[in-house]
Amino acid sequence: MPDSPDTALLARAAAGDGTAFAELVEPLRGPVFRHCYRMLGSGADAEDATQDTMERAWRKLATYNGSGPFGAWLQRIATNICLDGLRARRTRIGLVGYGPPVAPGAVPGAPDPELAWVEPVSDSDLRISGDPQDEVVRREEISLAFVAALQILAPRQRAALLLHDVLGFTHAEVAEVLAVSTTAVNSLLSRARETVRARAGLRQPDFTEPRVQRLLEDYVRAWQLADIDAFVRLVAEDVRFIMPPLTAWFDGREAVAAFVANAIFAPARPHGVHLRAGSCNGQPAFATYEPDGENRLVVNGLQVLQLSEVDGQPLITTLVSYRDPALAIRCGLPPSLP
């Protein structure tokens, strides 16, 4: 994020040149979106908040006095917009913890329409790429587990943690944004860090590593063949299987394997379940497809995997299966396969 804008460009924008303003803020749109997404847990909500940030910055550009980084000034505006939005929105539910896990063999009930869930977003929305010249984004700070853990926090705790630990604001700067004392900031940070450490999970292995790629290839093959034994070899003993918007979730290899074998693989034979690989939140993701009766395969959901090192080998520790085809399309995966 640039420390200061081009002074000539800033002067033109301050004089009412909309084209200059667009050029000024465009490099900062990605960082603002990431911040809003972490705050709100939804790509659609983050897009709205990012747009609101740019509109408010345009109206208030005369108040920017150049005493600090222009990007930080935008992030202050974005934080306040997100805090205002959180007062009017339902808290988004994290990936695990809405009630106890269901018993092995249980049939999940209908979704609760009153609940809103943390949603993944595409790596392109988060400006993640393989180009080393691009901005470095720490994957653990945009992982689905991290974003879900943030939603458990009270809004000001969430803002304090992101401003200080992720964006690098000082205690005094955080205090100014949140209109609290520096002592209060210390308290907010302490509680927030404790909660996030307990919920965000272990650092994930790089899924571009050859051994992780082999695991993901075996995973696709297991679903295509509806091979439960192959699936079981790829998941950790304490694996969790979550299916938003259903509140039911399964805990442990035995319970997860029983559900996948009976509810998913058995009805899918002999054709299996077709997957298409992608990535969301810096994690491996797969769109799932089903026949539509017209010799096409249409998308019907999105899986996002969390991996961890277990006894020296990568295994799947969390499988989040969103039953919403729109999320797969939003994450850049095709709506149908030939």
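Just so you know, these numbers use all the heavy atoms, side chains as well, and skip hydrogens, waters and symmetry mates. Position 1 is the first residue of the sequence; numbering continues from there.
A heavy-atom distance below 4.5 Å is found between the side chains of S321 and F241. Looking only at side-chain heavy atoms (C-beta outward), Q224 and L275 stay at 4.5 Å or farther from each other. F21 has its side chain out of reach of R12: every pair of non-hydrogen atoms, C-beta onward, lies at least 4.5 Å apart. Under the 4.5 Å side-chain criterion, counting only non-hydrogen atoms from C-beta, V212 is not in contact with D206. With contacts defined as side-chain heavy-atom distances shorter than 4.5 Å, the pair S279/F207 qualifies. At a threshold of 4.5 Å between non-hydrogen side-chain atoms, the residues L161 and R193 count as touching. Looking only at side-chain heavy atoms (C-beta outward), V235 and L319 stay at 4.5 Å or farther from each other. Contact of the L153 side chain with the V196 side chain is registered, since non-hydrogen atoms from C-beta on lie closer than 4.5 Å.
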From CA spacing to verdict: side-chain contact (heavy atoms from CB on, under 4.5 Å), L333, I329: CA-CA 5 Å; L333 290 151; I329 296 169; over 6 Å; no
CA sep, side-chain torsions, deciding dist, call: D45, R92, salt bridge (Lys or Arg N to Asp or Glu O under 4.0 Å): CA-CA 11 Å; D45 290 349; R92 288 189 173 268; 3.4 Å; yes
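In this structure, L234 is a member of the same hydrophobic cluster as F231, with clusters built from ILVMFWY side-chain heavy atoms closer than 4.5 Å. Clustering ILVMFWY residues whenever any of their side-chain heavy atoms sit less than 4.5 angstrom apart, transitively, puts L225 in a cluster other than the one holding V260. No chain of hydrophobic side-chain contacts below 4.5 Å, direct or via other Ile, Leu, Val, Met, Phe, Trp or Tyr residues, connects V310 to V256. V273 and V298 fall into different hydrophobic clusters, where Ile, Leu, Val, Met, Phe, Trp and Tyr side chains are chained together by heavy-atom contacts under 4.5 Å. A single hydrophobic cluster is seen to contain both V232 and L215, as judged by linkage of ILVMFWY side chains at heavy-atom distances under 4.5 Å, directly or through other members.
In terms of heavy atoms, L246 sits closest to P108 at CD1-CB, 3.9 Å. Taking both residues in full, the closest heavy atoms of V185 and V180 are given as CG2-CG2, 3.8 Å, listed atom of the first, atom of the second, then distance. R323 and P245 get closest at one heavy-atom pair: CB-CD, 4.1 Å. Across all non-hydrogen atoms, the minimal contact from Y322 to E119 is OH-CA, 4.0 Å. Scanning all heavy atoms of the two residues, the minimum distance from F250 to M243 falls at CE1-CE, 3.8 Å. Taking all atoms of both residues into account, the shortest heavy-atom contact from V32 to A78 is CG1-CB, 4.0 Å.
Among F286, Y289, F265, the one residue that satisfies the ring pair (Phe, Tyr, Trp, His ring centres under 6.0 Å) test with W223 is F265.
Crowding of R156 atom CZ: a count of heavy atoms from other residues, nucleotides or ligands under 6.0 Å not exceeding 12. Within 6.0 Å of the CG atom in N65, the count of heavy atoms belonging to other residues, nucleotides or ligands exceeds 12.
Distance alone, capped at 3.5 Å, is enough to place a donor-acceptor pair between the D123 side chain and the N281 backbone. In this structure, the side chain of Q157 does not engage the main chain of L189 through any donor-acceptor pair within 3.5 Å.
A donor and an acceptor atom, one from each side chain of H274 and T288, are nowhere located under 3.5 Å apart. In this structure, a donor-acceptor pair under 3.5 Å is present between the side chains of S187 and R191. R240 and Q306 share no donor-acceptor pair across their side chains, judged by distance under 3.5 Å alone. Side chains of Y219 and Q303: a donor-acceptor N/O pair is present below 3.5 angstrom, by distance only.
Classified by interplanar angle (parallel below 30°, tilted 30° to 60°, perpendicular above 60°), the ring pair F70/Y64 is perpendicular. Ring geometry, H171 versus H164: the interplanar angle exceeds 60°, so the pair is classed perpendicular (tilted spans 30 to 60°).
Pairs passing the salt bridge (charged side-chain N to carboxylate O under 4.0 Å, His left out) check and including a residue from residues 46-58, sequence neighbours excluded, read E47-R330.
A salt bridge links E26 to R29: one of the charged nitrogens lies within less than 4.0 Å of a carboxylate oxygen.
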